[in-house]
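Nothing here was measured: the structure is a model prediction, and the numbers come from that model. The first residue of the sequence shown is numbered 1, and numbering continues consecutively from there.
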Amino acid sequence: MRSSLTIYGEGSEDMRHVDVIIIGGGPAGISAAIWCKRLGIDHLLLEKKQELGGQLTKIQNEIIDYPGMYAENGRKIQLIFAEHISSLDCCCSLNSTVLSIDDSQKTVTVDQEGKIETIHFHYLVLASGAGQRRLGVPGEQEMLKRGEDYSATSDGPKLKNKTVAVVGGGDRAFEGAIILADAGVNVYLIHRSQTFKARSQFIELATKKSNITIMTDTQVTAIHGENRVTSISLLNHTGETSTLNVDAVFVRIGIKRNSELVEGKVDINEQGLIVTGENGQTSNSAIFAIGDVCTPSICSSIASSVGQGAMTAKYLSSLMG
């Protein structure tokens with residue numbers, strides 16, 4: 001990223017004011033910052049990681065549906081987006097974790113590499129996105145800390161002739177299982193019920209693969225292995241327990257919206273989505289939401305997130321006259 005990217009963190013003792021604070025540096029947040037810059041809006045994008053891009057870096061497959069831009073994977077688009085926002089000298093602060101939001105005082109408290117700062121805002125745009133929903137079982141965090149968080153597309157060939165568990169019953173679980181099976185991996189597709197949310201063509205294709213074993217009414221209760229995953233514990237609907245030896249675990253049980261910062265401050269529906277109007281307006285007049293934190297999975301895309309960022313920034317410009 002170019003050095004022209006404005007990085008904040010060393011300020012005065014007095015509380016700083018920013019008209020629009022954007023939380024989250026994925027496609028939605030990047031787009032909002034770009035449009036704030038273009039429209040002359042005083043803004044600051046806060047991103048807790050050391051680079052912008054959000055979930056883009058985790059997309060291993062080709063990006064063929066973003067108009068005018070083909071990319072081999074999400075990392076390629078992330079680099080382009082980061083270069084774009086840098087070239088415009090947008091106001092961004094990386095390695096900045098938002099600890100809390102006080103909507104009554106219109107402030108956010110931020111930890112930037114150990115330095116705590118409280119910043120006052122006029123409007124807040126939440127673009128915090130979503131993350132993988134986890135099983136929450138013993139051994140899962142240890143597995144992730146070891147870096148055993150795999151992609152079916154990129155890691156499938158490395159797992160050839162090995163045995164893996166794919167947990168879930170939706171499109172991502174079935175598609176991942178199929179990709180792994182095609183790479184020569186022995187797959188156990190484990191789902192907690194007998195019904196699947198995956199599209200019928202995925203289910204039909206998976207059932208035809210001789211190296212995919214579908215286990216229904218079964219839950220993973222623990223993941224074992226000190227240096228790498230070696231096995232998982234299972235519990236079926238009859239109460240019977242068992243152990244399955246596997247070399248890797250792919251958790252594909254859906255996503256969880258990163259809306260914790262505004263819980264109790266804005267309306268959130270039963271699906272965990274922040275409820276918004278057409279311009280990203282939430283039930284709180286000072287808080288807006290864009291991207292995956294408020295978009296149903298079926299409508300989620302890079303393009304929709306970018307569009308929401310632009311639309312909200314333009315609307316905020318009209319509010320501030």
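Transitive grouping of hydrophobic side chains (ILVMFWY, heavy atoms separated by less than 4.5 Å) keeps Val187 and Ile179 in distinct clusters. Val262 and Ile255 are assigned to two separate hydrophobic clusters, defined by single-linkage of ILVMFWY side chains at heavy-atom distances under 4.5 Å. Leu124 and Leu99 end up in different hydrophobic clusters when Ile, Leu, Val, Met, Phe, Trp and Tyr side chains are linked at under 4.5 Å. Residues Tyr315 and Leu39 fall within the same hydrophobic cluster, defined by Ile, Leu, Val, Met, Phe, Trp and Tyr side chains chained together at heavy-atom separations under 4.5 Å. Linking Ile, Leu, Val, Met, Phe, Trp and Tyr whenever their side-chain heavy atoms come within less than 4.5 Å puts Val220 and Val249 in one cluster.
Pairing each heavy atom of Ala181 with each of Asn211, the nearest pair is O-ND2, 2.9 Å. Considering every non-hydrogen atom in both Ile101 and Val108, the closest pair reads CG1-CG1, 3.9 Å. Considering every non-hydrogen atom in both Gln78 and Leu52, the closest pair reads NE2-O, 2.7 Å. Val266 approaches Ser283 most closely through the heavy-atom pair CA-OG, 3.3 Å. Nearest approach of Ile203 to Ala198, heavy atoms of both residues: CD1-O, 3.5 Å.
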Would you check, one step at a time, whether the test salt bridge (charged side-chain N to carboxylate O under 4.0 Å, His left out) holds for Asp182 with Lys209? CA-CA 9 Å; Asp182 288 342; Lys209 300 284 184 181; 2.5 Å; yes
Apply ring-ring contact (aromatic ring centres under 6.0 Å, His included) to the pair His17 and Phe121, showing each step before the final yes or no. CA-CA 6 Å; His17 171 84; Phe121 63 84; 8.5 Å; no
Begin with the C-alpha distance, continue with both residues' side-chain angles, and end with the deciding distance and a verdict on salt bridge (charged side-chain N to carboxylate O under 4.0 Å, His left out) for Lys160 and Asp155. CA-CA 9 Å; Lys160 184 177 181 180; Asp155 295 315; over 6 Å; no
What's the verdict on salt bridge (charged side-chain N to carboxylate O under 4.0 Å, His left out) for Arg228 and Glu148, showing C-alpha distance, side-chain angles and the deciding distance? CA-CA 8 Å; Arg228 63 174 183 82; Glu148 294 180 85; over 6 Å; no
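In this structure, CG on Leu126 lies 8.5 Å from CG on Asn258, to the nearest 0.5 angstrom. Atoms CD1 and CG, on Ile212 and Leu205 in that order, are 7.0 Å from each other to the nearest 0.5 Å. Here Leu234 contributes atom CG and Ser242 contributes atom OG; the two are 4.0 Å apart, rounded to the nearest 0.5 Å. Ile214 CD1 to His191 NE2: the interatomic distance, rounded to the nearest 0.5 Å, is 10.5 Å. To the nearest 0.5 Å, atoms CZ (Phe174) and OG1 (Thr207) are separated by 8.0 Å. Taken from CG in Asp247 to OG1 in Thr230, the straight-line distance is 9.0 Å, to the nearest 0.5 Å.
Of the options Lys58, Arg172, Gln55, a side-chain hydrogen bond (donor to acceptor under 3.5 Å, both in side chains) to Gln132 is made by Arg172 and by none of the others.
For the 3.5 Å distance criterion, the side chains of Ser300 and Ser297 fail to qualify, holding no donor opposite an acceptor. In this model, no donor atom of one side chain and acceptor atom of the other lie less than 3.5 Å apart for Ser86 and His84. Checking Thr295 against Gln308 by side-chain atom types alone, a donor-acceptor pair falls below 3.5 Å. A side-chain N or O of Ser104 and one of Asp102 form a donor-acceptor pair less than 3.5 Å apart. In the model, Ser233 has a side-chain atom that pairs as donor or acceptor with a side-chain atom of His224 under 3.5 Å. A side-chain donor from one of Gln112 and Ser93 sits under 3.5 Å from a side-chain acceptor of the other. A donor and an acceptor atom, one from each side chain of Glu62 and Tyr70, are located under 3.5 Å apart. When only modelled atom types and interatomic distance are considered, Asn236 and Asp217 share no side-chain donor-acceptor pair under 3.5 Å.
Counting only heavy atoms from C-beta outward, the side chains of Val20 and Val125 approach each other to under 4.5 Å. Residues Leu235 and Thr218 are not in side-chain contact: their nearest non-hydrogen atoms beyond the backbone lie 4.5 Å or more apart. In this structure, the side chains of Cys294 and Val275 stay at 4.5 Å or more apart for every pair of heavy atoms. Here the side chains of Tyr123 and Ile21 are not in contact, with every heavy-atom distance at 4.5 Å or above.
The aromatic rings of Tyr150 and Phe250 lie tilted to each other, with the angle between the two planes from 30° to 60°.
In this structure a side-chain-to-backbone donor-acceptor pair under 3.5 Å is present from Asn269 to Gly272. Looking only at distances, no side-chain donor or acceptor of Thr153 sits under 3.5 Å from a matching main-chain atom of Asn61. Side chain of Ser96 to backbone of Leu94: a donor-acceptor contact under 3.5 angstrom is found. Side chain of Arg146 to backbone of Glu226: a donor-acceptor contact under 3.5 angstrom is found.
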